[in-house]
Amino acid sequence: MNNVIIKFMKTLVKRIDRNKIDDDIILQAGAILQRGGLVAFPTETVYGLGANALDEEAAKKTYEAKGRPADNPLIVHIAELSYLDKIVADIPKKAIELAAAFWPGPLTMIFEKSSAVPYGTTGGLDTVAVRLPDDEIARALILAGGGYVSAPSANTSGRPSPTSSRHVEEDMDGRVDMILDGGSVDIGVESTIVDMTVTPPMILRPGAVTKGMLEAVIGEVQVDKTLLSECSIEAPKAPGMKYRHYAPKAPLTIVEGDIKDVVRAIKQLAFAMHRQGKTAGIIASSETVSLYTSGIVKNIGTRASQSSIAKNLYKVLREFDEESVDCIYSESFAADGIGRAVMNRLEKAAAHQIIDAAEVVKHQEYRRVVFVSTSDNCRGPVAAELLRNQELLQEYVIESRGMIVLFPEPPNPKAEAIMKSRRMTLEGQEAKAFSAEDLDEDTLVLTMEEPQKWKIITDYEYVRHVYTLGEFIESGEEVPSAHGQPLAEYGKTFELLKGMIIKLADKLNGAAGEK
Ligand code: AMP
Ligand code: MG
């Protein structure tokens, strides 16, 4: 890629109101296009980098400004259907039907080109891609610019496409003559591309107009098979689809599977980064965003609305470039409707780095450790705090419970004194009673002494994973209560627990390390 573009232009940024378009600004922008300059403008999909599509030199400038490989053809934007004739050699009947159904709108069609279209615009191909956008500003500009405006997404090649004029400025300031700022775009992912030169017509890039929508109008539509299988060795039919694209700076990994597993796996992966002193970015949804405890978490939208996710996708990817994250983990989203386009872009952004959540979480036997003592005001809370201070390879919820707890009592003052002398604290701890809820599949229950264990085993049904701490770490020691005894006894209990918890951490880490 050509990274040595020198900033040389003064870029004008003009705010423009879609509901009250300022003709003077449009004329000024149109004049720039007519004399071969570059104008970035909003469309309903993403911001476009506009140039006169019939001017070979303007196409060259476009590639330069984007740092885009010149074999990646541009889409020609028109403002009225009648303009199609001049640039295409043949208009199939099905194309007319699709135009009637989806233009203006997020659909690009590929035709045999006419001689009016220079090879500079089509990346050397004999075909031309054409779209009629559903955006008043875009259409006014296209007409003012001469009727044929090539407009790739207005981002530096490889970066996420721009969905606001701020994104365009980030990438294009100094490289284009003018940016029309029309606010945020509506859809957020690029148009669906359909090749009309083959039978049946073929989807080369998924977008807001889905296969089902196309087939409802023209019958059978095929899908470029390189879009379906990530390890396909064939080159995609749309040349632009072969590049790593839409990509944030930090490496992105998609975690797929059952949503519960996905959240667990991402928590675990983010936690692993945290332990190495690194920061993970997390792409979450409204439904899951509050479940993450480490990393920089961003909400991409609600799973109830695929279009909300499409709209936020590139914004979120760009935001991670401003945070210093070392890697990004993304949840995966349903690939139906516009979700197919979202997953297609996300997979490209991730360079097909996709992992199975079930594989990540299957080795973790326990997710929660509960220490059980008599009244949950000394031994249990101390054990829990000691474990929280260990280097653990996986994330656990660590808690304590008591067998006899009538009130949410604060910790024993002598226990707290011992903790303070070791630069720790039990502050905020309140005694809680053990209950059947502590006996789920994922929880490891560790009691201080045998009688607590047996009481649980006899009092509850469905008892799983209940051990004394000494039994679990195979030392056999009991942890006696220091209740009512001098401070020194509390100190001894602390030391005993400390040694045992170190062994417990080793054991938990050992199980995690056996992967
Ligand atoms: P962008 O302008 O950034 O949305 O990218 C345009 C996309 O359209 C790229 O993926 C191109 O490869 C594709 N495209 C443009 N013209 C053609 C064509 N004649 N044949 C196949 N794909 C095309
Ligand atoms: Mg693009």
Side-chain angles (χ1 to χ4, degrees), residues 1 38 40-51 53 58-59 62-63 65-78 84 87-90 95 106-114 116-131 133 135 138 148-163 167-168 171-172 185 187-198 201-209 222-224 226-227 234-247 310 313-314 317-318 341 344-349:
M1 198 197 304
L38 303 179
F41 63 98
T43 80
E44 78 278 28
T45 58
V46 301
Y47 269 75
L49 175 57
T62 308
Y63 288 114
K66 275 182 69 78
R68 178 171 180 157
D71 70 343
N72 189 353
L74 309 175
I75 295 174
V76 179
H77 291 67
I78 57 174
L84 190 58
I87 51 173
V88 309
D90 170 50
L107 174 69
T108 295
M109 288 191 271
I110 292 176
F111 303 92
E112 302 295 341
K113 82 173 189 69
S114 77
V117 186
Y119 282 109
T121 296
T122 66
L125 298 175
D126 288 317
T127 52
V128 60
V130 188
R131 182 163 101 84
D135 183 293
Y148 300 94
V149 174
S150 59
S153 49
N155 52 285
T156 304
S157 190
R159 286 207 77 198
S161 298
T163 53
H167 297 163
V168 179
D171 287 12
M172 292 296 150
V185 303
I187 296 176
V189 291
E190 301 83 349
S191 58
T192 305
I193 301 181
V194 184
D195 186 351
M196 302 306 295
T197 67
V198 294
M202 185 191 280
I203 297 178
L204 306 188
R205 176 172 79 182
V209 176
Q222 44 178 339
V223 176
D224 181 0
T226 63
L227 294 178
E234 270 177 65
K237 302 273 186 310
M241 298 299 277
K242 70 176 178 254
Y243 301 103
R244 178 166 186 245
H245 224 259
Y246 322 113
L313 172 67
Y314 293 135
L317 290 178
R318 275 179 183 260
N344 166 263
R345 307 306 193 274
L346 207 51
E347 283 170 19
K348 295 228 155 256

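Order of listing sets the numbers, starting from 1, for every ligand and every atom in it.
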Numbered atoms of ligand 1 (with element) below 4.0 Å of [X], judged on heavy atoms:
| X | answer |
| --- | --- |
| Ile75 | 6 (C), 8 (O) |
| Ala129 | 15 (C), 16 (N), 17 (C) |
| Ser153 | 1 (P), 2 (O), 3 (O) |
| Ile110 | 17 (C), 18 (C), 20 (N), 21 (C), 22 (N), 23 (C) |

* Under 3.5 Å, N or O to N or O, is Asn72 touching ligand 1 that way? ->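 Yes, there is a polar N/O contact under 3.5 Å.
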* **Any Arg68 heavy atom less than 4.0 Å from ligand 1** =>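 The answer is yes, since Arg68 has a heavy atom less than 4.0 Å from ligand 1.
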* Consider ligand 1: state whether an atom of it lies below 4.0 angstrom from any non-hydrogen atom of Leu125. =>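 Leu125: in contact with ligand 1 (<4.0 Å).
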Give a yes or no on whether the backbone of [Y] and the side-chain of [X] come within a donor-acceptor separation of less than 3.5 Å.
| X | Y | result |
| --- | --- | --- |
| Thr163 | Val185 | no |
| Lys113 | Thr122 | no |
| Arg318 | Pro160 | yes |
| Thr192 | Val209 | yes |

* To do: State the OG1-CD1 distance between Thr121 and Ile87, to the nearest 0.5 angstrom.
  =>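 Reported value, rounded in 0.5 Å steps: 10.0 Å.
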* To do: Kindly compute the distance separating OG1 (Thr62) from CG (Asn72), expressed to the nearest 0.5 Å.
  =>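 Separation between the atoms: 12.0 Å.
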Side-chain donor-acceptor pair present, [X], [Y], cut-off under 3.5 Å:
| X | Y | result |
| --- | --- | --- |
| Arg68 | Thr156 | no |
| Ser153 | Glu190 | no |
| Tyr119 | Asp126 | yes |
| Thr43 | Arg131 | yes |

* Report the part of Asp195 in contact with ligand 1, treating N, CA, C, O as backbone and CB onward as side chain, heavy atoms under 4.0 Å; options are side chain, backbone, both, neither. =>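 Near ligand 1, Asp195 shows nothing, with every heavy atom at 4.0 Å or more.
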* To do: Between Thr127 and ligand 1, find which residue part has any heavy-atom pair under 4.0 Å and reply side chain, backbone, both or neither.
  =>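 The answer is both.
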* **Over all atoms of both residues, closest heavy-atom pair of Ala341 and Gly207** =>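 Smallest interatomic distance, heavy atoms only, reads CB-CA, 3.6 Å.
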* To do: From atom 7 (C) of ligand 1, work out which of Ile193, Thr108, Asp126 has a heavy atom at the shortest distance.
  =>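 Answer by nearest heavy atom: Ile193.
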* **For the Mg ion (ligand 2), every protein N/O/S atom that sits closer than 2.8 Å, waters excluded** =>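 Per the 2.8 Å query on the Mg ion (ligand 2), atoms found are Ser153 OG.
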